[in-house]
Amino acid sequence: IGWNGYLKVTDFGLSKLTDRFMEAKTFCGSPIYTCPELLAGDTFTAASDIYGIGCILYEMLVGDPPFESDNLAKLYDKIKDGILKIDAPLSSQAHSLLKGLMDRNPLNRLTIKDTKDHPFFATIDWTAIEGC
């Protein structure tokens with residue numbers, strides 16, 4: 001936690017340095033956070049990272065990952081075709097945010113700007129966070 005109380009989440013152990021328009025097709029990371037487009041053989045873009053952020057936020061809010069299975073093939077099937085269930089008692093803003101972050105179509109997924117402007121984050125001072 002930063003000096004002013006904001007939580008910082010980082011993991012650069014498997015990061016890849018690219019420019020913002022570059023795409024990648026290599027897989028690394030936790031299978032439960034894999035985006036559907038990578039499983040379909042498409043390229044990995046910034047929208048793919050947004051999906052992963054949605055998975056982490058889902059787990060933080062609900063207490064479990066959005067899709068689970070001990071069988072990797074079944075897990076991937078759930079990520080590609082399963083229904084995103086949000087059974088926890090969350091606000092309508094939280095539901096909307098999670099569904100927007102985890103939309104299976106990367107073209108319909110929220111962008112970083114959309115996410116920061118989402119009503120779920122209405123009380124967040126993004127300028128103050130960027131200064132941490």
Side-chain angles (χ1 to χ4, degrees):
I1 295 183
W3 61 269
N4 57 1
Y6 288 108
L7 178 67
K8 294 181 182 183
V9 179
T10 60
D11 179 4
F12 298 111
L14 298 173
S15 62
K16 186 174 194 173
L17 183 61
T18 67
D19 67 44
R20 67 182 224 174
F21 299 106
M22 212 169 152
E23 300 174 336
K25 283 193 157 191
T26 56
F27 173 78
C28 64
S30 300
I32 60 172
Y33 304 127
T34 302
C35 58
E37 60 268 24
L38 194 59
L39 296 176
D42 295 337
T43 55
F44 190 96
T45 65
S48 306
D49 284 333
I50 295 294
Y51 182 89
I53 290 169
C55 290
I56 292 169
L57 186 59
Y58 182 102
E59 192 166 355
M60 291 172 74
L61 293 171
V62 175
D64 292 303
F67 302 105
E68 291 183 282
S69 178
D70 292 333
N71 179 300
L72 192 58
K74 287 182 182 178
L75 172 65
Y76 287 163
D77 285 343
K78 288 180 179 183
I79 291 169
K80 290 187 290 186
D81 302 315
I83 296 169
L84 179 64
K85 295 179 185 174
I86 307 173
D87 294 331
L90 302 177
S91 68
S92 60
Q93 290 93 354
H95 277 259
S96 169
L97 178 64
L98 292 173
K99 288 179 185 255
L101 292 171
M102 297 183 65
D103 192 302
R104 283 205 173 81
N105 183 341
L107 299 176
N108 295 336
R109 215 169 280 152
L110 295 177
T111 64
I112 290 291
K113 181 179 180 343
D114 297 334
T115 303
K116 290 167 86 172
D117 292 341
H118 194 279
F120 182 82
F121 292 117
T123 62
I124 300 296
D125 182 350
W126 292 105
T127 305
I129 290 174
E130 289 172 7
C132 293

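Below, all heavy atoms of this structure are taken into account, side chains as well, without hydrogens, waters or symmetry copies.
Partner of Phe120 under the side-chain contact (heavy atoms from CB on, under 4.5 Å) criterion, out of Leu61, Thr115, Leu101: Leu61 alone. Only one option out of Leu75, Thr34, Ile32 pairs with Phe67 in a side-chain contact (heavy atoms from CB on, under 4.5 Å); it is Leu75.
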Output, in order, the C-alpha distance, side-chain angles, deciding distance and verdict of side-chain contact (heavy atoms from CB on, under 4.5 Å) for Ile112 and Ile50. CA-CA 7 Å; Ile112 290 291; Ile50 295 294; 3.3 Å; yes
Kindly indicate, with the supporting measurements, whether the criterion side-chain contact (heavy atoms from CB on, under 4.5 Å) is fulfilled by Tyr58 and Ile86. CA-CA 8 Å; Tyr58 182 102; Ile86 307 173; 3.8 Å; yes
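Tyr33 and Glu59 share a side-chain donor-acceptor pair at under 3.5 Å.
Here the side chain of Arg109 pairs a donor or acceptor atom with the backbone of Arg104 at under 3.5 angstrom. Side-chain atoms of Lys78 come within 3.5 Å of backbone N or O of Glu68 as a donor-acceptor pair.
Not counting sequence neighbours, the partners of Asp117 by the salt bridge (charged side-chain N to carboxylate O under 4.0 Å, His left out) test are Lys113. Remark: Lys74 engages no residue in a salt bridge (charged side-chain N to carboxylate O under 4.0 Å, His left out) (not counting sequence neighbours). Residues passing the salt bridge (charged side-chain N to carboxylate O under 4.0 Å, His left out) test with Lys85, sequence neighbours excluded: none.
Electrostatic pairing of Glu37 and Lys80 does not count as a salt bridge here, judged by no charged N lying under 4.0 Å from a carboxylate O.
Hydrophobic clustering (side-chain heavy atoms under 4.5 Å, transitive across Ile, Leu, Val, Met, Phe, Trp, Tyr) keeps Leu38 apart from Leu107.
The line from SG of Cys55 to CD1 of Ile79 is 7.0 Å long, rounded to the nearest 0.5 Å. Here CG of Leu90 is found 10.5 Å from CG of Leu97. Values are rounded to the nearest 0.5 Å.
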